[in-house]
Amino acid sequence: MDVTPGSLPNRWRRIRQRLGRFWAPYRSVPMLGWLVAALVAVLLEQSLGLPLARGLGLVRIPALFGVAIILDAPILFPAVLAYVLLIYLIPIALVARYTAPLANRMARWLTSYPMVVGALVHLLILYGVLHIWTGVSDYRLLVARFTMIAIIATLSLNVVNGYMGEFSCSHPGFMALGAYTASVFNILLFVSDNRFGEALLPPVLGPFLFPFSLILGGLVAAAGALLVAIPSFRTRGDYLAIISLAFMFIVKSLFENLEVVGGARGLSNQPNYSTLPVVFVWTVLSIWIINNFVRSTVGKALNAVRDGELAASAMTVDTRKTKMTAFLFAAFWAGVSGGLFAHVIRYINPDTFGIRKLAEVLAMVYLGGLNSVVGSMVGAVGLSLISEALRPLEIYKWIIIPIILILTMIFRPSGMVAFREFDVGAILQPKDEPEKDVDYAAA
């Protein structure tokens, strides 16, 4: 193909070169630098956000970077753009660029300690950013908690649909088992309720025993997964999808007819135990544990089963045991996410865990990418924020989101970030020297 000086490929190449030159100084910014820059931006918003928003003609601080305001009133687009530039983009760009040498020295200093120390420092700053950002409005707080719960549910489904290579539809059922188990546990013990009577234990103990209710919910979900796994993994092909779909409807129907937990009317009065720090800690735990699981010997065996079950069996992999372990492990985390969800929304009913929830979690998994912990996080955060940002469009939102998914499947069939490992060591290291020169004390 002939390429003339003014042709489209040449123009595109020049644009890419300019973008590359613009981005070059930021290649040396470590994760610590980006987090500190984000911390400066949210502190700036907390102190100057409201006066700046009113000065620009906005009634309030834009909740989700102003997308909802623009959709409601497009004439406010310049004001929203100016707000986002002045509060987020320019401060983050300046702080990240000009503190990069200092941030790299700090990151290098942290590498002299065990990796867990560096990880904790980064997590503390990340939580600080999240805490200040959500402190601006209750809506942001709610969105942040739902988004982190979506990360747990998406990661757990990716273990089955991505790493194991099967297609499961039972996750809403597992989430329902976890949600109802944790709810009954906490209402029965710590809440005086018309349905369950007086609380059996002092309410002050509730937050301390909340983790046990989540673990119990996860274990009940894993027990429910046995009912799917035992018949499914004796067969091959699409039977898991069919049996797991049937399981989801059976669980939904069970709770609709179980009057002791409210039947179709649902169950309310859950204590507000799923606070931001609680959900944050469980999300970090789930990412760490699931990431270690998929990188462990069992995870590698799972990949071998996905790529060729007969070949894996010939290489002495116990394929049935491997699939059962992964399926129950995934169900456990789905149950935990259901328990957290029930205590954020503080009301659940069987319809909450139906086909719509299934479509939502599947969309997050396939949008982010299969076989990737990073992809699951990208899919969960991306789709949650897009869904909330498009809320003003009401019914049209459910036209735009499927179109986005269809385009993703056409241009990136494996998802946005598929087959990429979540390497904590690489994320925490300084960026001004080759990776091979950096080592952690614990590595």
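At a threshold of 4.5 Å between non-hydrogen side-chain atoms, the residues R27 and K431 do not count as touching. By the 4.5 Å heavy-atom criterion applied to side chains, F327 and S170 are counted as neighbours. Side-chain contact between L370 and N158 is present, with heavy atoms from C-beta onward closer than 4.5 Å. With contacts defined as side-chain heavy-atom distances shorter than 4.5 Å, the pair Q429/P30 does not qualify. Residues F255 and I348 form no side-chain contact, since every pair of their non-hydrogen atoms from C-beta on lies 4.5 Å or further apart. Counting only heavy atoms from C-beta outward, the side chains of L302 and T325 never approach each other to under 4.5 Å. You'll find the side chain of M364 stays beyond 4.5 Å of the side chain of L367, heavy atoms only. Using a 4.5 Å cut-off on side-chain heavy atoms (C-beta onward), L130 and M148 make contact.
In this structure, K357 satisfies the cation-pi test against F341, with its NZ or CZ atom closer than 6.0 Å to the six-membered ring centre and inside 45 degrees of the ring normal.
A donor-acceptor pair is defined here as one N or O able to donate and one able to accept, closer than 3.5 Å; no such pair exists between the side chain of H131 and the backbone of Y127. A donor-acceptor pair under 3.5 Å is formed between the side chain of H171 and the backbone N or O of L157. Looking only at distances, no side-chain donor or acceptor of T181 sits under 3.5 Å from a matching main-chain atom of G178. The closest donor-acceptor contact from the side chain of S253 to the backbone of F249 lies at 3.5 Å or more, if one exists at all. In terms of modelled atom types and a separation under 3.5 Å, the side chain of S274 and the main chain of L340 share a donor-acceptor contact. Looking at S244, its side chain does come within 3.5 Å of a backbone N or O of C169 through a donor-acceptor pair.
Residue-environment remark: CZ (R295) exceeds the threshold of 12 foreign heavy atoms within 6.0 Å. Counting non-hydrogen atoms of other residues, nucleotides and ligands closer than 6.0 Å to CZ of R60 gives a total of 12 or fewer. Within a 6.0 Å radius of CD in E259, more than 12 heavy atoms belonging to other residues, nucleotides or ligands are found.
Nearest heavy-atom pair across L328 and A225 is CD1-CB, 4.0 Å. For the pair N161 and S168, the tightest heavy-atom approach, listed with the atom from each and the gap, is OD1-N, 3.0 Å. The two residues A176 and V251 have their closest heavy-atom pair at CB-CG1, 4.0 Å. Here the closest heavy-atom approach between residue V361 and residue A153 is recorded as CG1-O, 4.0 Å. Among all heavy-atom pairs drawn from R195 and V260, the shortest one is CD-O, 3.0 Å. Shortest non-hydrogen contact noted between L123 and F280 is O-CZ, 3.8 Å.
For the atom pair CD1 of I345 and CG of L142, the computed distance is 8.0 Å after rounding to the nearest 0.5 Å. With rounding to the nearest 0.5 Å, the separation of CD1 in I152 from OG in S376 is 12.0 Å. Rounded to the nearest 0.5 Å, atoms CG (L189) and CZ (F196) are 10.5 Å apart. Separating the CD1 atom in I230 from the CD1 atom in I243 is a distance of 11.0 Å, to the nearest 0.5 Å. Here CH2 of W133 is found 10.5 Å from CG of L276. Values are rounded to the nearest 0.5 Å. To the nearest 0.5 Å, atoms CD1 (I69) and CD1 (I75) are separated by 14.0 Å.
Ring geometry for F247 versus F174: interplanar angle of 30 to 60°, hence tilted. Taking the six-membered ring for Trp and thresholds of 30 and 60 degrees, F329 and F293 have nearly parallel ring planes, at less than 30 degrees apart.
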In sequence, state the C-alpha distance, the side-chain angles, and the governing distance for E388 and Y139, and then conclude on side-chain contact (heavy atoms from CB on, under 4.5 Å).
CA-CA 10 Å; E388 285 302 323; Y139 176 66; 2.5 Å; yes
Output, in order, the C-alpha distance, side-chain angles, deciding distance and verdict of side-chain contact (heavy atoms from CB on, under 4.5 Å) for V424 and F422.
CA-CA 6 Å; V424 178; F422 184 62; 3.9 Å; yes
Does the pair Y88 and L44 meet the rule for a side-chain contact (heavy atoms from CB on, under 4.5 Å), with working shown?
CA-CA 9 Å; Y88 289 106; L44 191 65; over 6 Å; no
I would like to know whether M115 and L428 meet side-chain contact (heavy atoms from CB on, under 4.5 Å); could you show each step before the answer?
CA-CA 9 Å; M115 191 165 61; L428 303 186; 4.1 Å; yes
List the atom pairs, donor and acceptor, that lie under 3.5 Å between side-chain atoms in residues 207-220 and the rest of the protein, sequence neighbours left out.
unit_1: S213; atom_1: OG; unit_2: N186; atom_2: ND2; d: 3.1
unit_1: S213; atom_1: OG; unit_2: F210; atom_2: O; d: 2.6

List, one per line, each side-chain donor-acceptor pair under 3.5 Å for residues 402-412, sequence neighbours excluded.
unit_1: T408; atom_1: OG1; unit_2: I404; atom_2: O; d: 2.8
unit_1: R412; atom_1: NE; unit_2: G415; atom_2: O; d: 3.3
unit_1: R412; atom_1: NE; unit_2: M416; atom_2: O; d: 3.4
unit_1: R412; atom_1: NH2; unit_2: M416; atom_2: O; d: 3.1

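Judged as a salt bridge (Lys or Arg N to Asp or Glu O under 4.0 Å), the pairs with a partner in residues 126-149 (not counting sequence neighbours) are, in order, E45-R140.
The side-chain hydrogen bond (donor to acceptor under 3.5 Å, both in side chains) test applied to N349 returns Y347, T352, not counting sequence neighbours. In this structure, the side-chain hydrogen bond (donor to acceptor under 3.5 Å, both in side chains) partners of S183, at least two apart in sequence or on a different chain, are Q270. Partners of K252 by salt bridge (charged side-chain N to carboxylate O under 4.0 Å, His left out), not counting sequence neighbours, listed by chain and number: E256, D351.
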